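What follows is a single structure, written as C-alpha cells, with notes after it.
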Protein chains: 2
Amino acid sequence: MSISSRFSVGIHILALLEIDKTEVNTSENIAMSVNTNPAVIRKITGMLKKAGLVNVQPGIAGAKLAKDISEITLLDVYRAVNAVQEDELFTVHAKPNPDCPVGRNIQSSVEIQFTAAQRALENELENRTIRDVVDDILNKEPLES
Amino acid sequence: MSISSRFSVGIHILALLEIDKTEVNTSENIAMSVNTNPAVIRKITGMLKKAGLVNVQPGIAGAKLAKDISEITLLDVYRAVNAVQEDELFTVHAKPNPDCPVGRNIQSSVEIQFTAAQRALENELENRTIRDVVDDILNKEPLES
DNA sequence: TTACATGTAACCATTATAGTTACAGGTTAG
DNA sequence: CTAACCTGTAACTATAATGGTTACATGTAA
C-alpha cells in the first residue's frame, strides 16, 4: 500500500501556518483549506505538537509554528505523523522455513537491502524542508500584501 | 502502511530458484520454504513471469529463472509484484480547497518533493540485484556439494 | 456563565493484505 | 486414453489501516 496522506496533510498544515501566520488558524480554518474534517486536523496537529513542530493548547484557538520552517525537514514531519508505522517501510514475510538454507537466511539478507533503500528515502526527506515547499508555493503565486 | 511482503517473498522465490537450480521448484516446494500457501506462490510467480523474470508453464512442474540473477534488480522485482500500486509510493490528499492559495498549490508542490524521495528509493533498489542477496546467503552458509 | 476551542474516544465504510479452498485446464507417464 | 500432477485463477475470508464522522469532556477568556 502507499504512505498515509497524513504526511501530505501535515506538510499542508505547516505550510499554511507559515503563509497565514498573521491569522488565527483554528482546526476549522485549516480543515477548510485541506478540505476535511476539523477532528482529522486536530489529530494530526496533535502529532505535530508531540514532535515539537507546532504549539497548540486546549481552549486556545489556533496552532502556531514552534520552529522556523527552514528547520523543519520533511523527515521530521514524516516521523511526526507516523507516515510509516514503526519506521518499517518494508514488510518482510514473517516465518520462512528454518529447515531450508534459503528460508533461514532470507530475512537478514533482505533486511540489509531494505534498510539501505529506506535510508536512501529518508536521507532525501531529511534534505528537504517546509521552507522548500513554501517557497515553491509562493513562487507560483506571490502573496498580495 | 508498509510495502507488501510480496516484495520480500518475490526476492525469496528468485533466490531459491538460483540456489536450488538443479531441483524442480514447484509452487508447493517454494511454499514450504516461504512457509505459506502454494496458491500464494503461484500468484506471485505469475507476476514475476509477466515481468519476464521467470519461466513457468501451466501443467509443467517447476519455475525457472528467465535471466541471470545479476541482471535482476530489486527494482525489477518491486515493480513486478506491485509492491506499491501504480508506482505511487506517497499519497497526496485529494481535494484541497481551490479557494485557498495554499490549497490550490499544495499538491504540485508536495509532489515535487515526493517524486524526488521516491526516485531516491528506486535508484537504490535499481543498484541492487538478486545476486547481492544470494551472495549474502551463501556467504553466511556455503552450500555443501 | 456563556461561547468557543482543543483533545479524544467511539464508531463506520472502504480498501489492501495474506491466506484458503476449489476447480478448470495443460502436460506427461504409463 | 486416462490417471496423476501441475499451474492459473476465481471466490471467499479474517485482519488491519485509513480517513472520516459524531459526540463530548476539558480548557480558556470575554
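Computed from a predicted structure; not experimentally measured. Below, chain A is the first sequence line, B the second, and so on; all start at residue 1.
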>> Expressed as a whole number of angstroms, how long is the span from B:I3:CD1 to C:dA16:C1'?
In response: 14 Å
> Is it the case that more than 12 heavy atoms not belonging to A:E111 sit under 6.0 Å from its CD atom?
Replying inline: yes
> Hey, what do you get for CG (B:N97) to NZ (B:K95), rounding to the nearest 0.5 Å?
Replying inline: 12.5 Å
> Has A:K21 got more than 12 heavy atoms of other residues, nucleotides or ligands less than 6.0 Å from its NZ?
Replying inline: no
> Separation of A:Q85 atom CD from D:dG19 atom C1', in whole Å?
Replying inline: 15 Å
> With sugar-phosphate meaning primed atoms plus P, OP1 and OP2, does A:T91 contact a base, only sugar-phosphate, or nothing at under 4.0 Å between heavy atoms?
Replying inline: nothing
> Quick one: is A:T26 getting a side-chain N or O under 4.0 Å of the C:dT6 phosphate, OP1 or OP2?
Replying inline: no
> Quick one, which residues of residues 38-60 of chain B touch DNA chain D with a heavy atom under 4.0 Å?
Replying inline: B:A39, B:R42, B:K49, B:V56, B:Q57, B:P58, B:G59, B:I60
> B:N37 CG to C:dT21 C1': how many Å, rounded?
Replying inline: 8 Å
> Roughly, in whole Å, what's the span from CZ in B:R6 to C1' in C:dA16?
Replying inline: 8 Å
> Which whole-number value in Å describes the distance from A:K64 NZ to C:dT6 P?
Replying inline: 13 Å
> Does A:Y78 have any ring pair (Phe, Tyr, Trp, His ring centres under 6.0 Å) partners at least two apart in sequence or in another chain, and if so, which?
Replying inline: A:F7
>> Check this one for me: any side-chain N or O of A:S27 less than 4.0 Å away from OP1 or OP2 of C:dA5?
In response: no
> So, for B:G103 and A:H12, which heavy atoms are closest and what is the spacing to 0.1 Å?
Replying inline: CA-CE1, 4.0 Å
>> Tell me the interatomic distance from A:I30, atom CD1, to D:dG20, atom P, rounded to whole angstroms.
In response: 15 Å
> Under 4.0 Å between a side-chain N or O of B:S5 and OP1 or OP2 of C:dA18?
Replying inline: yes
>> Check this for me: A:R119, atom CZ, are more than 12 non-hydrogen atoms of other residues, nucleotides or ligands nearer than 6.0 Å?
In response: no
>> I need the CG-P distance between A:N29 and C:dA5, as an integer number of Å.
In response: 8 Å
> Which whole-number value in Å describes the distance from B:N25 CG to D:dC5 P?
Replying inline: 19 Å
>> Counting C-beta onward and ignoring hydrogens, is there a side-chain heavy-atom pair between A:I130 and A:E18 closer than 4.5 Å?
In response: no
